[in-house]
Amino acid sequence: MQTHTKFLPVKEQISRLKDGVAPVEIIDMEGLTQKLEQSRSENRPLRVKQGFDASAPDLHIGHSVSIWKLKTFQELGHKVVFLIGDFTGMVGDPSGKSKTRPRLTREEVEVNAQTYRDQVYKILDPEMTEVRFNSEWHGQRNIYEFLELTSHYTIRRMLERDDFWKRFQAEKPISIMEFLYPLIQAYDSVALKADIELGGTDQKFNLVLTRHIQRAYGQDPQVLLLMPLLCGTGGKEKMSKSLGNAIGITDSPDDIYGKIMSIPDDMIREYYLMCSGIENREIDNILSQNDPYQAKHKLANTIVSKYYDENKARCAAQQFLSLFKNKDLPSPAELIEDNAAVRIDNEVEWLPRIIVTAGGAKSNAEANRLIKAGAVSIDCVKVQAEGKNLDIRIEAPFILKVGKRRFYLIYRNEEQLKQLC
RNA sequence: GGGGAGAUUCCCGAGUGGUCAAAGGGAACUGACUGUAAAUCUGUCGGCGAAGCCUUCGGAGGUUCAAAUCCUCCUCUCCCCA
């Protein structure tokens, strides 16, 4: 039996947890202190949980806000439980917007899980992370157990959720399943015996409900750390892959850099606070210069360095300047590296089809529209022709530009490529 | 169980027999101007290699030269009464 603990004093742990991006709200501060004390006296790590959607396994820097916090817990010696909601993902979507999602197969779930691991271990320590799936317990529950679970909460309390209430008021549909969903989710924490759960502020209702359910099952309710939500690059909605406004943590350095540069000015502070890891005083200092352009450069630099390294950040910065300030084209070698080299087999090919093949448009019609709008250029020369006059003879590789930031290297055979390298 | 209202393109929402690939707004994309910011202005916003054609208005049938629009059945949603 160990007589002394490997854990830091509680006060120190709490102050470490408040470093960096502070949780918007900690629900049950007292509980947190107690749990930390207990963990110390029993020399037992706390179980810190966060749930993730199994169907969209792409983490972006919005998620990373809380993942860094999980990391802090690991540094303090606690265990992170990374929960993948494969069961809930298979059942459907509670947001009310979409129809039931296509059911994921076992294989898809496994693939997505691996994708998560690859990304999340960029930040977390694999040794101290437990990856779990909620189908483990939900997959086998019978209806009696399930009904018991549902008996612990009421319709009225469910309607307290803002989203539900609004829809109720607006005479919009709310399915029973949507009411059940938070309960199912809540049971995850019971099954995992979670001590602490992290989540975005949008999860507040569900997470608070979880505490009730844990109590109903005789467990000590988990402490909640509600983390701020990061807005997407458009600055209006929350960051989300499906809205197309996300910066993925596995995006290329150039992409991350560029996307940071494109955020609206009034988002700069928020991004600094949530993603840079820079101290508040220093942030104030940077922003007091009143030079948003430079502030963004510095931010982009910091973030790329964080997920890659300083060297890559410098390259990305250079790339950015040459591309957008000097309007240079990227070099063929860079395009090849970015997987933007596209082989066209025919000697003569219709330009819209080339654009579609390259991925610059979804249909020939869309490609045609882009051409008409003057959005397409070949080796820096804007394409002016229309309709039938768009056959292109591919004699040498050329750089196709579609819109502001899509570049493709079009070539016909591998030899041409070799010559370029 | 009874009565009423409704389902339109990514979202909201107009359209009640041809002039409808379907108003308007939002989102998105694009061009100009810029700092790949914002604001503003232009243009686009189902598919097919111009024309012309094809597919689309919850689903399946039907009436009609012609259907988002009329009829029948079905599915789903909301409200009121019980």
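In what follows, every chain begins at residue 1, and chains take the letters A, B, ... in the order their sequences are listed.
- A 3.5 Å limit on both hydrogen-bonding distances identifies no Watson-Crick or G-U partner for B/U69.
- Residue A/Arg353 places at least one side-chain N or O closer than 4.0 Å to OP1 or OP2 of B/G49.
- To the nearest angstrom, P of B/A28 lies 18 Å from NZ of A/Lys241.
- Between the side chains of A/Asp188 and A/His138, at least one donor N or O sits under 3.5 Å from an acceptor N or O.
- Here A/Ser363 reaches the OP1 or OP2 of B/G47: one of its side-chain N or O atoms lies under 4.0 Å away.
- Across all strands shown, B/G26 is found opposite B/C10 as a Watson-Crick or G-U wobble partner, with both distances under 3.5 Å.
- Nucleic acid contact for A/Ile268: none, since no nucleic acid atom lies under 4.0 Å from a heavy atom of the residue.
- Across all strands shown, B/U16 remains unpaired; no Watson-Crick or G-U wobble contact has both distances below 3.5 Å.
- Closest-nucleotide positions on RNA chain B for A/Ala375 and A/Tyr257 were compared, and the one nearer the 5' end corresponds to A/Ala375.
- B/A38 and B/U34 have their C1' atoms separated by 10 Å, given to the nearest Å.
- B/U40 is paired with B/A32 under the Watson-Crick or G-U wobble criterion, all donor-acceptor distances under 3.5 Å.
- Across the P atoms, B/A14 and B/A23 are found 14 Å apart, a figure rounded to whole Å.
- Using the Watson-Crick or G-U wobble rule with both distances under 3.5 Å, B/C45 pairs with nothing in any strand shown.
- Here A/Pro292 lies in heavy-atom contact (under 4.0 Å) with a base.
- For the OP1/OP2 pair of B/U36 and a distance below 4.0 Å, the side-chain nitrogens and oxygens of A/Tyr293 include at least one atom meeting the criterion.
- Taking 3.5 Å as the limit, the base of B/G35 and the side chain of A/Asp265 contain a donor-acceptor pair of atoms between them.
- Remark: P of B/C78 and CZ of A/Phe164 are 13 Å apart, rounded to the nearest angstrom.
- Taking the centre and axis of the six-membered ring of A/Tyr308, the NZ or CZ atom of A/Lys122 falls inside the cone set by 45° and 6.0 Å.
- A donor atom on one side chain and an acceptor atom on the other are not found under 3.5 Å apart for A/Gln219 and A/Ser189.
- The gap from the P atom of B/G18 to that of B/G13 amounts to 24 Å, rounded to the nearest Å.
- For the pair A/Arg141 and A/Tyr187, the cation-pi criterion (under 6.0 Å, within 45° of the ring axis) is fulfilled.
- If A/His297 and A/Glu349 are placed on RNA chain B by their nearest nucleotide, the residue sitting closer to the 5' end is A/His297.
- Only the P atoms considered, B/A22 is 9 Å distant from B/C45, to the nearest whole Å.
- For the P atoms, the distance from B/U36 to B/G47 is 31 Å, rounded to whole Å.
- Residues A/His78 and A/Gln13 have side chains that bring a donor and an acceptor to within less than 3.5 angstrom of each other.
- Using C1' as the reference atom, B/U16 and B/A68 are 9 Å apart when rounded to the nearest Å.
- Side chain A/Asp391 to base B/G49: a donor-acceptor pair is found below 3.5 Å.
- Residue contacts shown for A/Lys236 are limited to sugar-phosphate atoms, with no base heavy atom under 4.0 Å away.
- Taking the centre of each ring, A/Tyr153 and A/Phe179 stay at or above the 6.0 Å mark.
- Under the Watson-Crick or G-U wobble criterion, with both distances below 3.5 Å, B/A21 has no partner in any strand shown.
- Going from the P atom of B/G2 to that of B/C74 covers 13 Å, rounded to whole Å.
- Judged by Watson-Crick or G-U wobble contacts below 3.5 Å, the nucleotide B/A5 has B/U77 as its partner.
- Separating the CZ atom of A/Arg406 from the P atom of B/U36 is a distance of 18 Å, rounded to the nearest angstrom.
- Here A/Gly258 lies in heavy-atom contact (under 4.0 Å) with a base.
- Regarding A/Glu366, its CD atom lies at a distance of 10 Å from the P atom of B/C48, rounded to whole Å.
- Rounded to whole Å, atom C1' of B/A28 lies 12 Å from atom CZ of A/Arg405.
- Ring geometry, A/Phe320 versus A/His297: the interplanar angle exceeds 60°, so the pair is classed perpendicular (tilted spans 30 to 60°).
- A distance of about 24 Å separates the P atoms of B/G43 and B/C48, rounded to the whole Å.
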